[in-house]
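The structure under discussion appears below in the form of structure tokens.
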Amino acid sequence: MTQPIGRRALLGGAGVVALGAAGGWWWVARESSDPAAVTGAALVEPPVHTSTGGLLDVRLVASEEVRALAGSDVRCLGYGASVPGPTLRVAPGDTLRVLLVNDLDEPTNLHVHGLQVSPTGASDDVFVSVAPGQQHQYVYEIGEDHPTGTFWYHAHHHGSVADQVWRGLFGALLVLDPAASARTERVLVVSDVTLAGGAVAGVTRHDRMAGREGALVLVDGQSAPEVVGAPGTVERWRVVNACTSRYLRPLLSTVGAAAVAGAGVVARDGRDLASGLGVGEVVVPPGGRADLVVPVGQEDLVLTTAPVDRGAGTGGTAGGGTGGMMGGASDEQPSTLLTLRATGPGAPPSSSPATTAPPGPSGTTAPPRDLRDVEPDRRRTLTLTSGMGQGMGGGMLFGIDGRTFQAGRTDHTVTLGTVEEWTLVNDTTMDHPFHLHVWPMQVLDGGEAPLLLDTVDVPAGHRVVVRVAFDAFPGRTVYHCHVLDHEDLGMMGTLEALRP
Ligand code: C2O
Ligand code: CU
């Protein structure tokens with residue numbers, strides 16, 4: 001999937017993120033101030049709002065309040081009563097209306113991550129700023145041909161994206177055919193956070209440069225919750241990586257550490273895979289999603305995430321004072337995300353009658369065009385860059401092609417109806433997950449079957465080649481690193497799609 005680019009290849013490993021390496025200086029845990037997380041409680045998924053008659057009309061109030069997080073009362077941000085916010089469930093062809101009400105004391109806005117919708121007007125325009133006390137009516141027209149799958153929404157106000165997501169402003173968004181999902185489905189929104197004194201902990205400048213990672217890894221706001229599954233059924237678990245910076249490597253086993261026959265990854269980033277992958281083969285960068293099929297047998301199952309080393313290279317160049325950041329939890333053990341208790345035969349009647357549906361794609365939309373066979377109309381190279389800033393405070397500057405983000409500057413112009421090939425070059429010593437709004441990217445060398453992603457990991461010192469069909473939606477939008485601290489620090493650019 002990736003190719004080394006010279007001297008840094010050694011640091012980047014074999015083209016994939018290495019497992020289990022000790023975390024670098026940035027792997028920070030705040031000792032002592034973390035309350036013990038309550039683990040093992042029954043999973044409570046966020047409330048679900050489902051469209052009816054082609055319309056879902058919801059009001060999301062972003063507010064700072066005390067909510068349940070990791071089993072305790074925590075002052076945090078959120079949409080409504082829970083973190084994550086409600087799961088929004090729509091179908092292809094629907095209209096999704098979201099009235100975003102800003103009850104915070106800072107500006108915010110909303111992004112529907114991965115949706116192929118217009119980036120302009122009342123739709124997915126991330127240049128919108130909703131001031132404190134104000135509201136904004138979003139209207140998303142979801143095409144009849146929109147892929148069905150797992151998406152999500154989160155705050156996207158440049159400069160505070162990482163802080164607002166870290167503190168709770170995210171939720172799941174499903175595009176599903178109303179008739180297509182009979183088996184037991186679970187929405188598992190994974191986030192990480194550090195708590196201190198009944199609130200969400202703040203972070204240091206160094207945490208921002210490295211990309212913060214929380215001491216707790218939560219599923220639907222809970223620490224290592226449990227679910228009950230019926231033996232003989234097959235479940236679909238929709239895993240959303242809503243962490244601000246943490247990469248996930250999901251692993252599924254029995255509690256006795258045995259492999260789970262028939263388990264696999266059947267979708268990535270809201271698009272069904274033509275052929276499934278093993279659960280341990282997939283790394284989900286921040287922003288990404290993976291849908292798992294989980295056959296339930298007689299044994300209890302556990303879903304964990306193994307640590308992923310995404311490069312500690314900033315340690316050498318971030319200037320003095322990093323020594324104190326060393327140590328912490330080096331987190332070499334996998335974190336438990338979820339335990340499934342397999343109840344004996346005849347135990348709980350399943351709430352879904354058709355839970356024995358075989359695993360496999362649940363989508364009903366046509367497979368996308370395979371861009372490997374298309375001669376690109378245009379080729380571009382985008383280089384992810386970082387370097388030392390000048391002057392006061394002089395932290396690291398993050399950018400693309402050496403330039404930090406400026407909302408008013410258009411970095412690239414594309415023509416609707418064309419196919420482009422982009423070479424994404426990572427010229428730094430940290431991995432960066434590259435996210436393009438609106439149009440999915442097809443990863444070349446992504447394996448036998450076409451692999452479409454909206455968030456593509458570009459390992460340190462490597463390049464990844466993608467092709468993009470700019471087939472619809474004129475307007476201006478962004479691409480950026482989904483280590484959200486890096487995005488806030490400037491690793492973002494703008495793109496304008498023009499009619500021919
Ligand atoms: Cu999930 Cu531009 O973001
Ligand atoms: Cu980054």
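As the structure lists them, so they are numbered: ligands from 1, and atoms in each ligand from 1. Keep in mind that the numbers below use all heavy atoms, side chains included, and drop hydrogens, waters and symmetry copies.
Atom CZ of Arg499 is surrounded by 12 or fewer heavy atoms from other residues, nucleotides or ligands within 6.0 Å. Atom CZ of Arg59 has 12 or fewer heavy atoms from other residues, nucleotides or ligands within 6.0 Å.
Distances from atom 1 (Cu) of ligand 1 under 2.8 Å pick out these protein N/O/S atoms: His113 ND1, His154 NE2, His482 NE2. Residue-and-atom listing of protein N/O/S atoms under 2.8 Å from the Cu ion (ligand 2), sorted by chain and number: His432 ND1, Cys481 SG, His486 ND1.
Atom CZ in Arg208 sits 6.0 Å away from atom CG in Asp485 (nearest 0.5 Å). Rounded to the nearest 0.5 Å, atoms CG (Leu169) and CG (Leu77) are 4.5 Å apart.
Vertex atom 2 (Cu) of ligand 1; arms to His437 atom NE2 and His480 atom NE2; angle 120° (nearest 10°).
Side chains of Tyr247 and Asp457: a donor-acceptor N/O pair is present below 3.5 angstrom, by distance only. Using modelled atom types and a 3.5 Å distance limit, the side chains of Gln164 and Thr108 yield a donor-acceptor pair. A donor-acceptor pair shorter than 3.5 Å can be found between the side chains of His158 and Glu487. Of the N and O atoms on the side chains of Thr150 and Arg238, at least one donor lies less than 3.5 Å from an acceptor on the other residue. One side chain, Thr120 or Ser118, offers a donor N or O that lies under 3.5 Å from an acceptor on the other.
With respect to the salt-bridge test (charged N to carboxylate O, under 4.0 angstrom), the residues Glu106 and Arg167 qualify.
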